[in-house]
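These notes are about the structure you will find just below.
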Amino acid sequence: MKYTYAASALKDTAADILITFTASIDKVTGKLLKDIDRAVDGGLAAMVASGEFTGQCGEIASLVAPKGFKSRRLLLVGLGDENDINAESFRKATGHVSRHAAVKNARGAAFHFGSFDVAAYFQATVEGYLLGSYQYLDYKTGDAAKEKSKLAAIKFVAGKSDDVSGLKTAITTGQAMAEGQLLCRALAHTPSRDLTPRVYAKKAQQLARKHGLKCQVLDEKAIEREKMGAFLSVAQGSVEPPRFIILHHNGGRAGQKPVVLVGKGITFDSGGISLKPALNMHEMKQDMAGSAAVLAIMITAARLRLPLNVVALIPTCENMPSGNATRPGDVVTSRKGLTIEVINTDAEGRLILADALDYANKFKPQAVIDMATLTGATLYILGHAGAPILGNNEALLARLDEAAWETGERVWELPIWDDHRAQMKSGIADLVNSGGRPAGTIAAAAFLENFIGDWPWAHIDIASVDLEAKGTAYTPSGATGFGVRLVVEMLAGWKKL
Ligand code: BES
Ligand code: MN
Ligand code: ZN
């Protein structure tokens, strides 16, 4: 896709397809809409009168051959009630636009922002376009690719002001954010046989090289030397050996304490000996979505040259049943030395995260954020509408909350109470890995808390937001890439806690 930037009046903007925005309307008012209506001989007023177009978010009025315009086709796109318009309105509206037939069949499009001259709206527009038009076609043969959009160039046109360089900065940021999210989606979509821990580590190394990140990979021997007994107890059931991926973005001054990100990288979760039911087990190829988000965040941080140091830790392995798999009732020793009674081998994510969180101490982090498809119970808390967050530091959680409203990737805080901590104590070892059904999401975090050092920590459980079933405005069905824009947004404004 080729992007260009300009400042011109709507009617003087030349493109195969010209796109501009309006708030909800019940009649044609204001100069912009009146000008458009006149150019199509009252066609817009007729559409409004008939209720065909009311400017609700994502509604599109397709107008042909407006007189006196340099473009043959004009799409007027609704943003919803004018008092509720924010960046998310633009993301959603543009997501719909990205799949409009006239847009997919055009070579070049222009987005004209008119009076909506706000950097966050520019950024959201390119995000909505890239996220909404995404298709995962790697395994399709034949004609599937024919349905792909032919759009090859987008012109972004500043409205009121002629701040073309501000426009360009906002678009470049949005492009990096969205492309990071798309990388996360592609990784999560990849079938487990083609994204084994070893392949995943190679891929991380290649991406790191391309984007100037430092990357180190620990193999099974090195993981043993680190005494990551909890991580290894999950990996041991598979013929595929585990890997531990470490990435560095050194955007801050040397010696500045890093923010550490930890991502759950289970490339397939069968449940192990505590085998999952067959229904929906195929979705467990996505049990590495937390780590894919972390990897994509690192690459986006590098692209945006964020001025801080960030370290990513990704424990990756398969959770498989076999003659060599961990048995329910086994006790394993974590890197930290705490012993864990494995009640349920399907509670494997917390085991691999425990050792990775403990490893984070090496970096004397200023904060640690982990992301994981950790508990199915999230579905009963926020559904697919947002991700629960938990942790030990209100200021850090508040920053995530703030970034959530900016990015539309919503989060909501849950508590960890002593009752939940008690749930994770074992009769024969220090901890159990499963405390039963009550408060599953909180109990998992209460387990992780035992491995947290003396640093602010936030845990994002993305188990019910990493996969979209039906498709929404800018999230086609499939892997969502949730959490990439959320955390990049937070890191972009990072200050010492
Ligand atoms: N990867 C799953 C969680 C999950 C479930 C993610 C459904 C997405 C959709 C995790 O490893 C798991 O199996 N968790 C168990 C824990 C339980 C055994 C304590 C769960 O949530 O049922
Ligand atoms: Mn599991
Ligand atoms: Zn899992």
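Ligands are counted one by one from 1 in listed order, and the atoms in each one are counted from 1 as well. Position 1 is the first residue of the sequence; numbering continues from there. Below, each value reflects all heavy atoms present in this structure, side chains not excepted, and no hydrogens, waters or symmetry copies.
Salt bridge status for Lys276 with Asp346: present, with a side-chain N to carboxylate O gap under 4.0 Å. In summary, Glu318 and Arg193 do not engage in a salt bridge, as defined by a charged side-chain N under 4.0 Å from a carboxylate O. Contact check on Glu88 versus Arg91 returns a salt bridge, with a Lys/Arg side-chain nitrogen under 4.0 Å from an Asp/Glu carboxylate oxygen. Using a cutoff of 4.0 Å between basic side-chain nitrogens and carboxylate oxygens, Glu179 and Arg303 are scored as salt-bridged.
Checking Tyr139 against Asp194 by side-chain atom types alone, a donor-acceptor pair falls below 3.5 Å. Checked by atom type, the side-chain pair Thr339/Asp430 shows a donor-acceptor distance below 3.5 Å. With 3.5 Å as the limit, one finds no donor-acceptor pair spanning the side chains of Asn393 and Trp455. A donor and an acceptor atom, one from each side chain of Asp466 and Gln286, are located under 3.5 Å apart. For the residue pair Tyr380 and Thr441, no side-chain donor N or O sits within less than 3.5 Å of a side-chain acceptor on the partner. Under the 3.5 Å distance criterion, with hydrogens and angles disregarded, a donor-acceptor pair is assigned to the side chains of Ser274 and Thr345. A donor atom on one side chain and an acceptor atom on the other are not found under 3.5 Å apart for Glu489 and Trp405. Side-chain N/O atoms of Asn83 and Asp81 include a donor and acceptor closer than 3.5 Å.
Ligand 1 lies less than 4.0 angstrom from a heavy atom belonging to Met284. The shell of residues lying under 4.0 angstrom from ligand 1, judged by heavy atoms, excludes Asn319. Within the structure, ligand 1 lacks Glu283 among the residues with a heavy atom less than 4.0 angstrom away. Using a non-hydrogen distance threshold of 4.0 Å, Met281 does not register as a contact of ligand 1.
Among the atoms of Lys276, some N or O lies under 3.5 angstrom from an N or O of ligand 1. Looking at ligand 1, you'll find an N or O of Asp269 within less than 3.5 Å of one of its N or O atoms. Geometrically, ligand 1 and Asp346 share a nitrogen or oxygen pair separated by less than 3.5 Å. For the pair Gly376 and ligand 1, the shortest N or O to N or O distance falls below 3.5 Å.
Considering just the N/O/S atoms of Asp269, the one nearest the Zn ion (ligand 3) carries the name OD2. In Asp269, the N, O or S atom that comes nearest to the Mn ion (ligand 2) is OD2. Its N, O or S atom nearest to the Zn ion (ligand 3) is what matters here, and for Asp287 that atom is OD2. For the Zn ion (ligand 3), the nearest N, O or S atom contributed by Glu348 is named OE2. Closest N/O/S atom of Glu348 to the Mn ion (ligand 2): OE1.
The distance from the Zn ion (ligand 3) to the nearest N/O/S atom of Asp346 is not under 2.8 Å. The nearest N, O or S atom of Asp287 is not closer to the Mn ion (ligand 2) than 2.8 Å. With a cut-off of 2.8 Å, the Zn ion (ligand 3) has an N, O or S atom of Lys264 in range.
With Thr441, Asn280, Leu374, Asn433 as candidates, the residue nearest to atom 3 (C) of ligand 1 on a non-hydrogen basis is Leu374. Of the listed residues (Ile462, Val465, Asp287), the one carrying the non-hydrogen atom nearest atom 1 (N) of ligand 1 is Asp287. Here atom 11 (O) of ligand 1 lies nearest to Glu348 when heavy atoms of Met288, Glu348, Arg437 are compared.
Atoms of ligand 1 found under 4.0 Å from any heavy atom of Thr373, numbered from 1 in the order shown, are 1 (N), 2 (C), 3 (C), 6 (C). Below 4.0 Å from some heavy atom of Asn344 lie the following atoms of ligand 1, by number and element: 18 (C). Below 4.0 Å from some heavy atom of Lys264 lie the following atoms of ligand 1, by number and element: 1 (N), 10 (C), 11 (O).
Of all protein heavy atoms, the one lying nearest to atom 19 (C) of ligand 1 is Ser434 OG, 3.5 Å.
Partner of Asn319 under the side chain to side chain contact (heavy atoms under 4.5 Å, CB included) criterion, out of Thr326, Ile352, Val234: Val234 alone.
Looking only at side-chain heavy atoms (C-beta outward), Ile299 and Leu213 come within less than 4.5 Å of each other.
Proximity of Arg350 to ligand 1, defined as any heavy-atom pair under 4.0 Å, is confined to the side chain (atoms from C-beta onward).
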